[in-house]
Amino acid sequence: MNGDAPTWTSDEMMAVEASRRLTNETVCFVGIGLPSLAANLAKRTHAPGCVLVYESGTIGAKPTLLPLSIGDGELAETADAVVSVPEMFAYWLQGGRIDVGFLGAAQIDRHGNLNSTVIGDYATPKVRLPGGGGAPEIATSVSDVFVMLRQSPRTFVEQLDFKTSRGDRVRVVVTDLGILEPRDGELELVRVHPGVSVDAAREATGWNLRVALDVQETEPPSPAELDALRALGTKGRE
Amino acid sequence: MAEIVSLSDAVRELVADEHVVALEGFTHLIPHAAAHELIRQGRRELTLVRMTPDVVYDQLIGMGCARKLVFSWGGNPGVGSLHRLRDAVENGWPAPLELEEHSHAGMAAAYAAGAANLPFGVLRGYAGTDLPAHTRVEFISCPFTGEQLAAVPALRPDVGIIHAQQADRQGNVQLWGITGVQKEVVLAARHSIVTVEEIVDRLERRPDSVVLPSWVIDAVACVPGGAHPSYAHGYYKRDNEFYVAWEAISRDRDTFTAWMREHVLEAVPV
């Protein structure tokens, strides 16, 4: 890393790092925003065989542009199969046919449990968030949960305000600062992105962050990755 | 047998204050025009049921139609918050809103149980989360294996409302593309209203479509564009710009109220 400012955004770094973890054989349950960006990038680069499943019922969708919602028409037009929502959650998700599920949240704790329900008390919340949607069952039905979440003391908290989904299948947390993976049930910082210090990641964490002995620096996005990402036609949305 | 009527007649006849009403459509085919008619006719104290209460329920809640919301994800997809929903929950404006909150899998199972005339739906869900303390779910043992499973009470709305592409003159309905949970909501509800893009002489059979025979529907109303800003596959695209614009319209109570007056209350009923 030279002294110049990076030529990519932190959203792009996150999408690239998540996409690298998908393989040509991955069947992947995709939410909207950064996960959709990551999964579509993987499909356009190293993992063309990766199967994108959107909870609206589209299995094997191949959108040319990044959709705004999980139910955009192009997903249905390009899908291998379109199924009803009850079928999606019963046969495909709970049926155990999905390898990777992406989740985001407003809060995460050291065990990978997530809150996307409320900030504050449930009955009298300070902020009413959208709620769990597919998350509670995604978190327990897929083999591997990938979490994508910007890292700050407000999001990486000692105590969740509400547990929307459980963390036992979280395999990686991709943040704007680095990569965390679970070790013995607790998330550990294993990589930092170029230009990010371990101390910065510590300061952005609301608990005493466990740090791997040999923290590596993330490989920067390649020109090919950035080109493919930007060709998707829209920036990642939260 | 479904009667082919105007939307205002259908709503007047079938939806009463305090009813449990479910408007479904998973991103696609959301019955916006029907929601606007509920608002124009001033329905109050409704229990509104919907997996994804997006812009359509933000409007109903902000206009004071709802007492309770049964839902699983309440945001503006790809954009952010539902400000009218948040204002009702966080500040009680324009009225307090009781919540019954589920997961998508739980809502889907509850609709499917309702359609099957079963008392509850069963799923591997809710376990290990804080949801069970705040919603209607119980854990039961599988009688064959002893596995612990979640049971959710069947959804049986008084009225189910959906939008579809086509009906024929007998009131048989066909929808295609992303068909969400629409078949289930019509079969689970005591009464149902379907708005359609067009009424045709004969439904042309399409692979992967959902066909609802006339005799499971109460009323069919022809409302072209009735899903906008959602979309109708084969007719018009999702108005993504409107969903983005809703953020600014809905953030402020006065801006919202003025917008609703101009575009809904003073709009000509269909």
Side-chain angles (χ1 to χ4, degrees), chain A residues 32-33 36 54-58 66-77 79 81-90 93-94 113 115-118 120 122-141 160-168 237-238, chain B residues 24-28 51-52 54 71-82 85-86 88-90 99 101-109 111-112 115 121 123-131 133-134 176-184 208 210 230-231 233-234 237-238 240 243-244:
Chain A
I32 219 61
S36 184
Y54 288 81
E55 67 187 14
S56 56
T58 57
L66 206 64
L68 182 65
S69 84
I70 40 89
D72 280 16
E74 204 194 2
L75 298 177
E77 280 160 12
V82 182
V83 302
S84 74
V85 165
E87 180 179 328
M88 174 56 71
F89 284 97
L93 181 63
Q94 292 179 72
N113 300 310
N115 171 21
S116 56
T117 304
V118 287
Y122 184 81
T124 53
K126 199 158 76 176
V127 181
R128 177 60 231 196
L129 302 164
E137 286 76 25
I138 291 171
T140 53
S141 300
L160 297 178
D161 290 3
F162 190 97
K163 197 207 276 190
T164 311
S165 67
R166 47 196 276 185
D168 22 326
R237 294 167 197 270
E238 285 298 309
Chain B
E24 282 294 351
F26 208 87
T27 300
H28 179 214
M51 291 182 67
T52 56
D54 45 30
F71 77 111
S72 43
W73 191 84
N76 183 348
V79 178
S81 285
L82 292 178
L85 167 59
R86 281 186 56 182
V89 174
E90 294 168 16
L99 298 182
E101 178 162 10
H102 289 277
S103 64
H104 280 347
M107 288 279 286
Y111 272 129
L123 69 153
R124 277 195 192 91
Y126 295 80
T129 76
D130 287 340
L131 276 167
H134 299 281
W176 62 90
I178 291 170
T179 54
V181 74
Q182 283 99 308
K183 180 194 281 186
E184 286 75 14
D208 297 330
V210 168
S230 170
Y231 70 103
H233 207 123
K237 287 192 183 310
R238 191 173 190 268
N240 284 337
Y243 282 89
V244 173

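Predicted model, so just to flag it, every value in this text is computed and none were measured. To find a chain, count down the sequence lines: A is the first, B the second, and so on, and within it residues start at 1.
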Highest number of heavy-atom pairs under 4.5 Å with chain A among B:G75, B:G177, B:S72 belongs to B:S72
At a 4.5 Å cut-off on heavy atoms, which part of B:A127 comes close to chain A: side chain, backbone, both, or neither?
both
In Å, rounded to the nearest 0.5 Å, how long is the span from CH2 of B:W73 to OG1 of A:T117?
12.5 Å
Examine whether an atom of B:M51 lies under 4.5 Å from a heavy atom of chain A, and if so say whether it belongs to the side chain, the backbone or both; otherwise answer neither.
side chain
Check B:G125 against A:E137 and note the closest heavy-atom contact, atom names and distance.
CA-OE2, 3.2 Å
Can you name the closest pair of heavy atoms from B:T129 and A:T164 and give their distance?
CG2-O, 3.4 Å
Using a 4.5 Å cut-off on heavy atoms from C-beta on, say whether the side chain of A:E55 contacts that of B:F26.
yes
When heavy-atom pairs shorter than 4.5 Å are enumerated against chain B, which of A:R166, A:M88, A:K163 gives the highest number?
A:K163
Taking every non-hydrogen pair under 4.5 Å, which of A:A139, A:P125, A:A79, A:G133 racks up the most with chain B?
A:G133
Select one option (side chain, backbone, both, neither) describing which atoms of B:A109 are under 4.5 Å from chain A's heavy atoms.
neither
Is there a side-chain contact between B:I178 and A:S56 (heavy atoms, below 4.5 Å)?
yes
Using non-hydrogen atoms only, which part of A:V118 is less than 4.5 Å away from chain B: side chain, backbone, both, or neither?
neither
With chain A, the option among B:V210, B:T179, B:T52, B:L131 that has the most non-hydrogen atom pairs under 4.5 Å is B:L131
If every non-hydrogen atom of A:G132 is compared with every non-hydrogen atom of B:E101, which pair is closest and at what distance?
N-OE2, 4.2 Å
Tell me, for B:S103 versus chain A, whether the close heavy atoms (under 4.5 Å) come from the side chain, the backbone, both or neither.
both
Please state whether the rings of B:H134 and A:F162 are parallel, tilted or perpendicular, taking 30° and 60° as the class boundaries.
tilted
State, with a plain yes or no, whether a side-chain heavy atom of B:L99 is found less than 4.5 Å away from one of A:R128.
yes
Go through the atoms of B:R124 and report whether side chain, backbone, both or neither lie under 4.5 Å from a heavy atom of chain A.
both
Structural part of B:N240 lying under 4.5 Å from a heavy atom of chain A:
both
Quick one: which of B:K237, B:Q182, B:H102, B:R86 has the most heavy-atom pairs under 4.5 Å with chain A, could you say?
B:R86
Contact part of B:Y231 toward chain A, heavy-atom cut-off under 4.5 Å: side chain, backbone, both or neither?
side chain
What residue, out of A:A135, A:S165, A:G131, has the most heavy-atom pairs lying under 4.5 Å from chain B?
A:G131
Compare every heavy atom of B:G180 with every heavy atom of A:P86, then report the nearest pair and how far apart it is.
CD-O, 3.6 Å
What's the shortest heavy-atom distance between A:G134 and B:H104, and which atoms?
N-CD2, 3.3 Å
